[in-house]
Structure formats: C-alpha cells, structure tokens
Amino acid sequence: MHPEYILTLACPDRRGIVHSVSGFLAGHGCNIIDSAQFGDAQSQLFFMRVHFALEDTAISDGNLRDDFAELGGRWQMQWQLHDARHKPRVVLMVSKIGHCLNDLLFRFKSGLLPVDIKAIISNHTEFYQLAASYNIPFHHLPLEAGAASAAKQLQEQRVMEVIDANQAELVVLARYMQILSPSMCNALKGRAINIHHSFLPSFKGAKPYAQAHDRGVKLIGATAHFVTGDLDEGPIIEQDVERVDHAMDPDTLTAIGRDVECVVLARAVKWFVEHRILLNGHKTVVFK
C-alpha cells in the first residue's frame, strides 16, 4: 500500500499556484486523491489542502519534503506535510460536566474519530472511573474558581507538563470550566479547541439555558473555536443550532443544547485531526 500524505498551505494569492503544486506532485510520482482550494479576496491569501498517495517507491519522505520546501519558498508558502495515516495525540480537559467527554471517548473507541487520546486532565475527580473504563490515564489537577494567581500558575504548569509529556498535538477543552491564562493560551496557540453554548455574549455566566428560557429563545446552539487569550473570541471552527419552543422547560433546553455541543465539538476535532482547518487571521478556512 502506498504511503499517503495531506499537504496544507497558505500563501499570497497569485495565478498558477494550483498548477505548480499539482505539477510538483505529478513530477514526484504522486497521485492526488482529493484536493480543495480557496482564494480569499479580502485577505488576498490562497489556501489549499491536497490528499495524495506517493506511488514512486524511489522517492523518500525526506526527498519529498526537501524538494517541496524549495517550491514553497518560491511562492512564500506556509505549508505542512502530514502523514495521512498518523493518528494525532490528543489530551482532553474536563471539569464536572461530562457529556462532551463521554461523546469523544465513545467516538474514539468506536473508530469514528481518528485520534490517539493520551490523557484526560480534570480539576475534579468525577470522571476518573470513566477514564479508567477506556484505559486512559486520568490526571486530577485541582483548581477552584477564584484561586490565587500563584496557585493557578502552579496548576497550569502541571497541566502543561502532562500535555508536553504526551507530545499532544491537540488539546480539547471538553467543558473545562476554567479560564486559561494568557501564557497558557499562547503555549497552546493553534492546537487547543474549546466548546461553548452559542448564547454568548447574550447569556454569559451561570445557567445560560435558564437565561435563554426566560427570554423565550427560539434557537439554541453551540460553537467550537480555537482557544486564544481573548475569552471565547478565538477563530470559529464550527457552529450548529436546534429550534426550540415555548413549551420546553430549562432542563429540556439544556438536554438539547448538550446534544448540539457534542456534535459540534466532535466535528471540530475530526476536521482538525484530518488537517481540514487553516487559520485565516481571526477566521478559519475549513475544507469539509
């Protein structure tokens, strides 16, 4: 079976990029399996994702990367070449609400999510048995709301030690109810995804579904986004909504909202590990 790769790139938008990339791959014995591209008229940037098989056994992985680096330099590309069969290493973080954690673990175990979950980190102990049932290490690193800055710094240092020890390529905040410090956000830039209800900024704080019920909303939803130092304002990856009505109580809204959160987060994680998400300033390009 031929090795497969996924090439992602972003560069200034000019005529001939697709021709140059496809010509390079053809000249190096590669067969394109699928390809997607997008030119952003506003940023004047071009984005591309190519999934291909390397069919020429005389060309090594190193040859491919070295030769493409020369082409990438000519086009001022920011590019990455990924082994398509590699399952990215993931660390999950959670507090006391476990529906997203449970959903991700099920999708991982059933083969629906091509990841390697290396650890679960929590500031509470509620889900250590769930982690054990999947044979995944559970790290209880307590941090209470309003903790002193020194305690928060020490706890985040321990969190980063777990993340670094597992060489995590993605960190998922699966309802981890703590605000990350700017330094931690910076350390995880581009590789940490958060999920929250779509009511922000209209319904901030505790019990957002109860607030939404009091206002008689007709749509509820969820948003998955990259983590940044600006709380809940990172580049959006995926959103979805469900219609609700006046007959539904807050518990029903919460149940519906949690289902949406699970689906939206799972999509975002899957697209990330399949290298379908490219950053475009404060936005994302998602090749579905």
Heavy atoms from other residues, nucleotides or ligands near [atom1] of [X] exceed 12 (cutoff 6.0 Å):
| X | atom1 | answer |
| --- | --- | --- |
| N135 | CG | no |
| R215 | CZ | no |
| Y134 | OH | yes |
| I32 | CD1 | yes |
| Q42 | CD | no |
| E55 | CD | yes |
| R15 | CZ | no |
| R158 | CZ | no |

Taking the side chain from H51 and the backbone from E4, do they hold a donor-acceptor pair closer than 3.5 Å?
no
Is a side-chain donor or acceptor of T228 paired with a backbone partner of D230 at a separation under 3.5 angstrom?
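Yes, because the side chain of T228 sits within donor-acceptor range (under 3.5 Å) of the backbone of D230.
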Taking atom [atom1] of [X] and atom [atom2] of [Y], what is their separation to the nearest 0.5 Å?
| X | Y | atom1 | atom2 | result |
| --- | --- | --- | --- | --- |
| N194 | Y176 | CG | OH | 11.5 Å |
| E242 | L253 | CD | CG | 11.5 Å |
| D61 | Y5 | CG | OH | 3.5 Å |
| L188 | M93 | CG | CE | 8.0 Å |
| K218 | H246 | NZ | NE2 | 7.0 Å |
| L105 | C100 | CG | SG | 11.0 Å |

Taking the side chain as everything from C-beta on, heavy atoms only, tell me whether [X] gets closer than 4.5 Å to [Y].
| X | Y | result |
| --- | --- | --- |
| W271 | I237 | yes |
| Q157 | E161 | yes |
| F46 | V285 | no |
| F108 | V90 | no |
| V159 | L180 | no |
| I97 | R258 | yes |
| L71 | M77 | yes |
| R49 | I6 | yes |

Before giving the answer on side-chain contact (heavy atoms from CB on, under 4.5 Å), spell out for T284 and F47 the whole-Å C-alpha distance, their side-chain angles and the decisive distance to 0.1 Å.
CA-CA 10 Å; T284 60; F47 301 87; over 6 Å; no
Between Q37 and V21, does the side-chain contact (heavy atoms from CB on, under 4.5 Å) criterion hold? Intermediate values first, please.
CA-CA 11 Å; Q37 54 274 332; V21 171; over 6 Å; no
Looking just at side-chain N and O atoms, do [X] and [Y] make a donor-acceptor pair shorter than 3.5 Å?
| X | Y | answer |
| --- | --- | --- |
| Q80 | H275 | no |
| E169 | H86 | yes |
| T252 | D249 | yes |

I'd like to know whether Q239 forms a side-chain contact (heavy atoms from CB on, under 4.5 Å) with V264, so could you lay out the CA-CA distance, the side-chain angles of the two residues, the decisive distance to 0.1 Å, and finally the verdict.
CA-CA 6 Å; Q239 295 177 295; V264 169; 5.7 Å; no
The single option from K270, R276, R267 passing salt bridge (Lys or Arg N to Asp or Glu O under 4.0 Å) against E238
R267
Looking only at non-hydrogen atoms, find the nearest pair between [X] and [Y] and report the distance.
| X | Y | value |
| --- | --- | --- |
| H225 | I236 | CB-CA, 4.0 Å |
| I17 | C11 | CD1-SG, 3.5 Å |
| P3 | R85 | CA-NH1, 3.4 Å |
| L101 | A174 | N-CB, 4.0 Å |

Side-chain donor/acceptor pairs under 3.5 Å, residues 123-130, sequence neighbours excluded:
from : atom 1 : to   : atom 2 : distance (Å)
N123 : OD1    : S95  : OG     : 2.8
N123 : ND2    : L143 : O      : 3.2

Are K118 and D116 close enough for a salt bridge, meaning some N to O gap below 4.0 Å?
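Here K118 pairs with D116 in a salt bridge, since their nearest N and O are under 4.0 Å apart.
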Walk me through whether K87 and V115 qualify under side-chain contact (heavy atoms from CB on, under 4.5 Å).
CA-CA 5 Å; K87 292 183 177 181; V115 296; 5.6 Å; no
Can you say whether the rings of W79 and F68 are parallel (under 30°), tilted (30 to 60°) or perpendicular (over 60°)?
perpendicular
